[in-house]
2 protein chains.
Amino acid sequence: MARRSDHTREELKDLILASATKIIEKEGFSALTARKIASDIGYTPGTLYNVFQSMDGLTLALNGITLEKLLPVLAQSKEVNKDKAPEEIMKAMAREYRDFATTNRERWLMMFKHEISDEEEIPEWFRGKIALLFQPLEDVLKDHFTFSSDAKRQIAARFLWASIHGIYFLHETGKLPLLDGEDVCENMTDALIENCVKGLRK
Amino acid sequence: MARRSDHTREELKDLILASATKIIEKEGFSALTARKIASDIGYTPGTLYNVFQSMDGLTLALNGITLEKLLPVLAQSKEVNKDKAPEEIMKAMAREYRDFATTNRERWLMMFKHEISDEEEIPEWFRGKIALLFQPLEDVLKDHFTFSSDAKRQIAARFLWASIHGIYFLHETGKLPLLDGEDVCENMTDALIENCVKGLRK
DNA sequence: CTAACAATTGAACAATGTTTAATTAATGTT
DNA sequence: AACATTAATTAAACATTGTTCAATTGTTAG
């Protein structure tokens with residue numbers, strides 16, 4: 001067959017991404033193969049390469065969607081808790097982040113396990129989404145703390161974010177088991193936030 | 001050929017690990033394949049499976065060696081700086097960690113990129129090494145701060161460690177570019193430590 | 001109706017980890 | 001010393017990957 005025109009290029013792209021999502025959620029991201037997607041949507045592997053440059057490109061597109069799903073979660077969490085004390089807002093945001101990672105475990109893991117091929121550069125549209133990721137936390141800092149410069153505040157937002165992520169990531173991947181026990185991850189994150197907030201208040 | 005007895009089982013194991021190390025350092029950990037190791041040491045792939053259960057087992061052994069190289073680095077850093085203020089000791093330890101990760105980049109990356117196959121359990125000897133990893137930091141906390149319980153101190157040591165690692169890991173893998181600029185990673189880590197130390201002092 | 005076009009395929013390639021029967025060097029036995 | 005046993009090593013095969021590309025065949029234009 002050829003030129004079936006069952007679907008436009010755009011429809012095909014959506015089909016592929018939807019199928020990939022399904023596979024990831026059902027079988028984990030390491031089960032995502034070109035052949036599996038193709039057979040799932042009733043095409044052959046070659047067709048995927050008409051739509052995406054490579055499996056790497058497909059992965060990048062999936063990661064972009066993951067980021068887009070995550071952004072409003074954090075923004076809303078900040079909005080909902082805006083009248084609480086800053087440490088409570090941050091704790092809530094961290095909890096939302098962990099919930100998101102748990103609910104969308106394989107998508108989330110894929111973002112960080114995916115290797116960047118030697119300096120293939122993260123595209124600009126992707127960097128843009130990442131910048132937005134830190135915004136809610138930066139806003140909290142802007143509302144409740146004073147910094148000697150914008151740069152200092154940006155640094156604070158990012159080390160907080162990286163720390164919160166780092167704790168959960170190590171805990172969840174199990175590569176460096178931190179501590180056993182119920183809620184130990186939440187306890188660690190809350191302790192981190194409490195101490196940092198005290199520090200930021202001087 | 002068979003039973004060449006060129007090398008004992010132990011020698012073979014060392015040969016394999018040495019060759020693997022060489023390959024990783026020269027070509028990156030994603031270039032590590034059974035065939036490449038085998039041809040490098042003058043054997044065939046099958047022989048690797050006499051010594052290791054799988055490539056996964058080989059990777060685990062390599063990661064164990066990486067941990068063993070890292071442990072004394074942190075312990076010594078703590079020892080050398082023991083007369084300084086606690087925040088300075090911690091900053092120095094964090095710096096040593098980053099230096100280690102830079103110097104042994106591919107080994108270090110391999111530890112965290114390697115996926116655990118579905119609940120195949122991290123072996124006990126490996127968990128033991130990991131526990132030692134947090135010891136120097138725990139000692140610093142014990143020497144300079146008071147905690148309401150041992151558990152609280154363990155939590156503090158681990159969230160600090162995970163945070164320091166998290167910052168450097170995100171920065172280095174470039175998956176979530178934090179900020180551009182010289183020494184931005186050191187600045188973030190130092191800021192984290194300063195704020196946490198202030199918090200821990202109540 | 002025919003010619004140009006382009007989406008899709010199918011088959012192939014190189015590379016991966018892993019398994020297994022066959023080989024053969026070393027050891028043990030008579 | 002000759003033979004039998006044992007076990008380390010190999011070669012070849014398998015099932016998978018991602019990826020490429022000439023050939024095919026619907027679709028569209030003239």
Side-chain angles (χ1 to χ4, degrees), chain A residues 1-20 23-24 26-63 106 109-110 113-118 120, chain B residues 1-20 23-24 26-63 106 109-110 113-118 120:
Chain A
M1 287 167 254
R3 180 119 91 166
R4 303 193 323 203
S5 299
D6 292 350
H7 308 97
T8 69
R9 185 70 71 98
E10 269 315 303
E11 284 173 334
L12 214 39
K13 188 174 176 179
D14 292 344
L15 265 182
I16 292 171
L17 291 174
S19 169
I23 292 166
I24 289 167
K26 286 212 172 117
E27 312 176 45
F29 76 90
S30 59
L32 187 72
T33 68
R35 283 173 179 80
K36 199 172 276 179
I37 298 172
S39 103
D40 184 52
I41 64 173
Y43 282 78
T44 53
T47 296
L48 300 200
Y49 288 81
N50 259 0
V51 181
F52 294 98
Q53 201 173 14
S54 64
M55 283 300 282
D56 235 72
L58 202 162
T59 302
L60 199 66
L62 280 170
N63 287 346
E106 296 296 325
L109 277 175
M110 196 165 59
K113 290 278 176 76
H114 176 231
E115 343 186 6
I116 358 170
S117 47
D118 279 337
E120 209 194 308
Chain B
M1 286 167 253
R3 182 121 93 169
R4 306 195 319 206
S5 300
D6 290 352
H7 309 97
T8 69
R9 185 69 71 98
E10 269 315 303
E11 285 174 333
L12 214 39
K13 188 175 177 179
D14 292 344
L15 265 181
I16 291 170
L17 291 174
S19 169
I23 292 167
I24 290 168
K26 286 212 172 117
E27 312 175 47
F29 76 90
S30 59
L32 187 71
T33 69
R35 284 173 178 80
K36 199 173 275 180
I37 298 172
S39 102
D40 184 52
I41 64 172
Y43 282 79
T44 54
T47 297
L48 301 199
Y49 288 81
N50 260 359
V51 180
F52 294 98
Q53 202 173 13
S54 65
M55 283 301 283
D56 234 73
L58 202 162
T59 302
L60 199 66
L62 280 170
N63 287 345
E106 295 296 326
L109 277 176
M110 194 164 62
K113 290 278 176 75
H114 176 231
E115 345 185 4
I116 359 173
S117 45
D118 279 340
E120 210 197 306

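Residue numbers start from 1 in every chain, and the chains themselves are labelled A, B, ... in the order their sequence lines are given, proteins ahead of strands. Note that the coordinates shown come from a computational prediction; the quantities given were computed from them, not determined experimentally.
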A:Y43 atom OH is separated from D:dT25 atom P, nearest whole Å, by 17 Å

Could you check how far CG of B:N50 sits from P of D:dA7, rounded to whole Å? 12 Å

All N/O pairs under 3.5 Å across the protein-nucleotides 3-6 of chain D interface:
| unit_1 | atom_1 | unit_2 | atom_2 | d |
| --- | --- | --- | --- | --- |
| D:dT6 | O2 | B:R3 | NH2 | 3.1 |

Given atom CG of A:L48 and atom C1' of D:dG18, what is their separation to the nearest angstrom? 11 Å

Per A:P45 side chain, nearest of listed nucleotides C:dT8, D:dT9, D:dT19: D:dT19

For B:Q53, the side-chain hydrogen bond (donor to acceptor under 3.5 Å, both in side chains) test, sequence neighbours excluded, returns none

Please give me the minimum heavy-atom distance between A:F52 and A:A61, naming the atom from each residue. CE2-CB, 3.8 Å

At 4.0 Å (heavy atoms only), tell me whether A:L12 reaches a base, stays on the sugar-phosphate, or touches nothing. sugar-phosphate

Would the distance check show the side chain of B:E106 and the main-chain N or O of B:I24 forming a donor-acceptor pair, the cut-off being under 3.5 Å? no

Distance check needed: D:dT20 P versus A:F52 CZ, whole Å only. 16 Å

Side chain of A:S5, heavy atoms from C-beta onward: which of D:dG18, D:dA11, D:dT27 has the nearest atom to it? D:dT27

A:A20 and A:L58 have their tightest heavy-atom pair at CB-CD2, 4.2 Å

Heavy-atom side-chain proximity of B:I16 to B:T47 below 4.5 angstrom: no

Filtered N/O pairs between nucleotides 12-16 of chain C and protein, under 3.5 Å:
none

Take atom CD of A:E11 and atom P of C:dA7, then tell me their distance rounded to the nearest Å. 14 Å

Taken in chain and number order and not counting sequence neighbours, the residues that satisfy side-chain hydrogen bond (donor to acceptor under 3.5 Å, both in side chains) with B:T59 are none

Qualifying salt bridge (charged side-chain N to carboxylate O under 4.0 Å, His left out) pairs, either residue in residues 36-50 of chain A, two or more places apart: A:K22-A:D40, A:E27-A:K36

Is any side-chain nitrogen or oxygen of A:R4 closer than 4.0 Å to OP1 or OP2 of C:dT9? yes

Taking every non-hydrogen atom, the tightest pair across B:P45 and B:A38: N-CB, 3.5 Å

Mind calculating the distance between CG (A:D6) and C1' (C:dA7) to the nearest angstrom? 11 Å

Rounded interatomic separation in angstrom, taking NE2 from A:H7 and C1' from D:dG26: 15 Å

If I take atom CD1 in residue A:I37 and atom P in nucleotide C:dT8, what distance separates them, rounded to the nearest angstrom? 16 Å

Tell me whether the side-chain N/O atoms of B:T47 come closer than 4.0 Å to OP1 or OP2 in D:dT10. yes

Which atom pairs, one a donor and one an acceptor, fall under 3.5 Å between side chains of residues 6-15 of chain A and the rest of the protein, sequence neighbours left out?
| unit_1 | atom_1 | unit_2 | atom_2 | d |
| --- | --- | --- | --- | --- |
| A:D6 | OD2 | A:R4 | NE | 3.2 |
| A:D6 | OD2 | A:R4 | NH2 | 3.4 |
| A:H7 | ND1 | A:Y43 | OH | 3.1 |
| A:T8 | OG1 | A:E10 | N | 3.4 |
| A:T8 | OG1 | A:E11 | N | 3.1 |
| A:R9 | NH1 | A:N50 | O | 2.8 |
| A:E11 | OE1 | A:T8 | N | 2.9 |

